Amino acid sequence: MNDYDVIVLGAGAAGLMCALTAGQQGRRVLVLERSNKPGKKILMSGGGRCNFTNLDVAPENFLSGNPHFVKSALSRYSQHDFIALVEKHGIAYHEKTLGQLFCDDSSKQILAMLLEECEQAGVMIKTGCEADQIKLVNGDNKNNDTRYYKILSNKGDFTSQSLVVATGGLSIPTLGGSGFGYTIAEQFGLKVLPRRAGLVPLTFTDKFLSMTYRLSGLSLLVTVTAGKQSFLENMLFTHRGLSGPAILQSSSYWQQGNTISINLLPEVNALELLTSFKQDGAGKKKSALLRTLLIPYLPKKLILELEALWWPELADTPVVEIANKTLERLAGQLNNWVLKPAGTEGYRTAEVTMGGVDTNELSSKTMESKQHPGLYFIGEVVDVCGHLGGYNFQWAWSSAYVAGLVV
Ligand SMILES: Cc1cc2nc3c(=O)[nH]c(=O)nc-3n(C[C@H](O)[C@H](O)[C@H](O)COP(=O)(O)OP(=O)(O)OC[C@H]3O[C@@H](n4cnc5c(N)ncnc54)[C@H](O)[C@@H]3O)c2cc1C
């Protein structure tokens with residue numbers, strides 16, 4: 001008996017949510033998962049505590065070729081709907097920062113919740129089962145009753161009226177990252193937009209790399225701007241370059257060859273700080289050096305690196321003796337440090353894959369292919385990528401729910 005109403009490919013966040021919703025509508029649902037267990041990314045997410053949604057979800061928190069595409073699904077299954085589900089299961093949670101909701105205890109609770117809901121809805125989950133070919137049978141027949149999808153896998157063949165592709169993106173292959181969803185889309189003639197790593201650390205070379213290496217582990221609040229988008233969050237120096245929330249967020253807006261700008265003093269006008277010190281404040285501290293003046297604002301280790309980079313010849317010159325023009329240049333660098341990343345760390349560490357199945361190919365109300373009735377794409381495989389902070393899971397829940405209602 002390998003015939004189902006609905007087959008969902010992938011037991012990740014989107015696949016499980018879609019399966020349980022479809023099961024609740026009385027559909028006979030089978031989920032095929034190639035890993036040995038479901039929900040691997042859920043388990044690893046949010047440092048083991050799963051940042052499952054955000055209190056403030058808006059279409060502006062998502063990148064997509066069509067920025068309006070997310071609106072319908074997000075409004076029909078909102079963050080409040082998911083929070084209600086979490087509360088129904090008695091899972092304790094808290095807001096960490098910027099509306100981001102995390103489990104108090106463990107991501108395992110979110111996965112257990114989804115699996116329990118699947119079980120109650122009669123959903124079958126087959127793990128260790130990799131789908132490798134899809135066939136549409138009676139596809140030309142206008143009568144939908146005789147059309148079905150045949151899924152060939154390492155555990156045999158399965159058939160269903162509806163096929164939901166929830167195979168995720170390319171990020172972190174060891175956690176299930178796979179290009180199979182894109183292959184299916186292309187097989188059925190759907191346009192797939194170019195993919196690249198998103199929410200990913202940026203890498204550097206040469207002199208700046210040696211600097212980040214020496215500073216690795218140091219984190220500070222900055223504003224990072226890439227393209228037209230700015231993020232005021234923490235930035236972390238690493239052995240390979242820059243990371244931390246401000247950089248991960250900006251990476252989604254950064255294109256190879258472009259620069260980023262870092263404001264090291266997001267709450268201070270550096271020019272005002274330096275010139276007003278020179279004009280008025282120097283009375284008592286005539287001999288104060290630039291590095292001393294910056295101590296209340298930046299970590300000392302970073303100031304010493306910046307000194308070696310930007311004002312080595314003035315290291316021991318009191319601020320009052322530095323020419324106004326030079327102070328202007330240094331203030332400009334402190335508030336607007338322009339850097340050119342060499343690249344990103346790629347899919348090995350990226351939290352998401354940008355690009356994917358073109359939203360123009362799908363109904364924004366149901367996620368169904370406009371060309372192929374019964375074929376659905378949900379979650380990360382679609383060209384929708386959220387900001388850091390619970391938005392990607394919310395997209396998985398919302399897109400899965402609207403599909404689950406109608407599959
Ligand atoms: C380390 C890490 C931490 C993250 N933390 C957060 C966070 O805290 N908050 C947040 O909002 N987002 C977070 N994300 C992003 C979030 O995990 C993804 O956006 C989300 O998991 C996408 O869900 P999905 O169901 O579309 O894909 P996935 O969760 O990737 O699930 C796809 C599933 O399909 C399976 N599959 C693939 N190919 C096949 C095949 N041929 N046959 C059968 N099965 C197949 C895979 O094994 C996988 O289980 C994180 C990502 C990573 C990598």
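Both backbone and side-chain heavy atoms feed into the values below; hydrogens, waters and symmetry mates do not. Keep in mind that this is a model prediction, so the values were computed, not measured. Note that ligands are numbered from 1 as they come in the structure, with each ligand's atoms numbered from 1 the same way.
- At the shortest separation from atom 18 (C) of ligand 1 among protein heavy atoms lies E380 OE1, 3.2 Å.
- Atom numbering of ligand 1 starts at 1 in the shown order; those under 4.0 Å from a heavy atom of N51 are 7 (C), 8 (O), 9 (N), 10 (C), 11 (O).
- Residues in residues 88-126 take part in these ring pair (Phe, Tyr, Trp, His ring centres under 6.0 Å) pairs, two or more places apart or across chains: F52-Y93.
- The protein atom (non-hydrogen) at minimum distance from atom 31 (O) of ligand 1 is G12 CA, 3.4 Å.
- The shortest N/O to N/O separation between G46 and ligand 1 falls below 3.5 Å.
- Checking only distances, I378 never comes within under 3.5 Å of ligand 1, N or O to N or O.
- In terms of protein heavy-atom proximity, atom 27 (O) of ligand 1 is nearest to G168 CA, 3.4 Å.
- Cation-pi geometry between R76 and Y401 is not met: the NZ or CZ atom fails to fall both under 6.0 Å from the ring centre and inside 45° of the normal.
- In this structure, atom 38 (N) of ligand 1 lies nearest to the protein heavy atom S178 OG, 3.0 Å.
- Looking at atom 50 (C) of ligand 1, its nearest protein heavy atom turns out to be E351 OE1, 3.6 Å.
- Nearest to atom 47 (O) of ligand 1 by heavy-atom distance, out of R34, E33, Q133, is E33.
- The shortest side-chain heavy-atom distance between E380 and N392 does not fall under the 4.5 Å cut-off.
- Here is the list of ligand 1 atoms found below 4.0 Å of a heavy atom in G379: 26 (O).
- Among residue pairs with one or both ends in residues 344-365, those qualifying as salt bridge (Lys or Arg N to Asp or Glu O under 4.0 Å) are E345-R348; sequence neighbours excluded.
- Counting heavy atoms only, F393 comes closest to atom 11 (O) of ligand 1 of the residues F52, W397, F393.
- Using a 4.5 Å cut-off on side-chain heavy atoms (C-beta onward), M124 and E119 make no contact.
- Contacts with ligand 1 closer than 4.0 Å are made by backbone heavy atoms (N, CA, C, O) of A166 only, the side chain lying farther away.
- Residue V381 has no N or O atom closer than 3.5 Å to an N or O atom of ligand 1.
- Scanning the protein heavy atoms around atom 1 (C) of ligand 1, the nearest turns out to be I172 CD1, 4.1 Å.
- For the residue pair T127 and N36, no side-chain donor N or O sits within less than 3.5 Å of a side-chain acceptor on the partner.
- Here the two rings, on Y77 and W395, have centers that are 6.0 Å apart or farther.
- Distances from ligand 1 to the non-hydrogen atoms of E130 include at least one value under 4.0 Å.
- In this structure, a donor-acceptor pair under 3.5 Å is absent between the side chains of Q187 and T183.
- Among all protein heavy atoms, the one lying closest to atom 3 (C) of ligand 1 is S45 CA, 3.7 Å.
- Residues K278 and N324 have side chains that bring a donor and an acceptor to within less than 3.5 angstrom of each other.
- Summary of contacts: the protein heavy atom closest to atom 41 (N) of ligand 1 is A131 O, 3.0 Å.
- No hydrogens or angles considered: a donor-acceptor pair under 3.5 Å links the side chains of S261 and N336.
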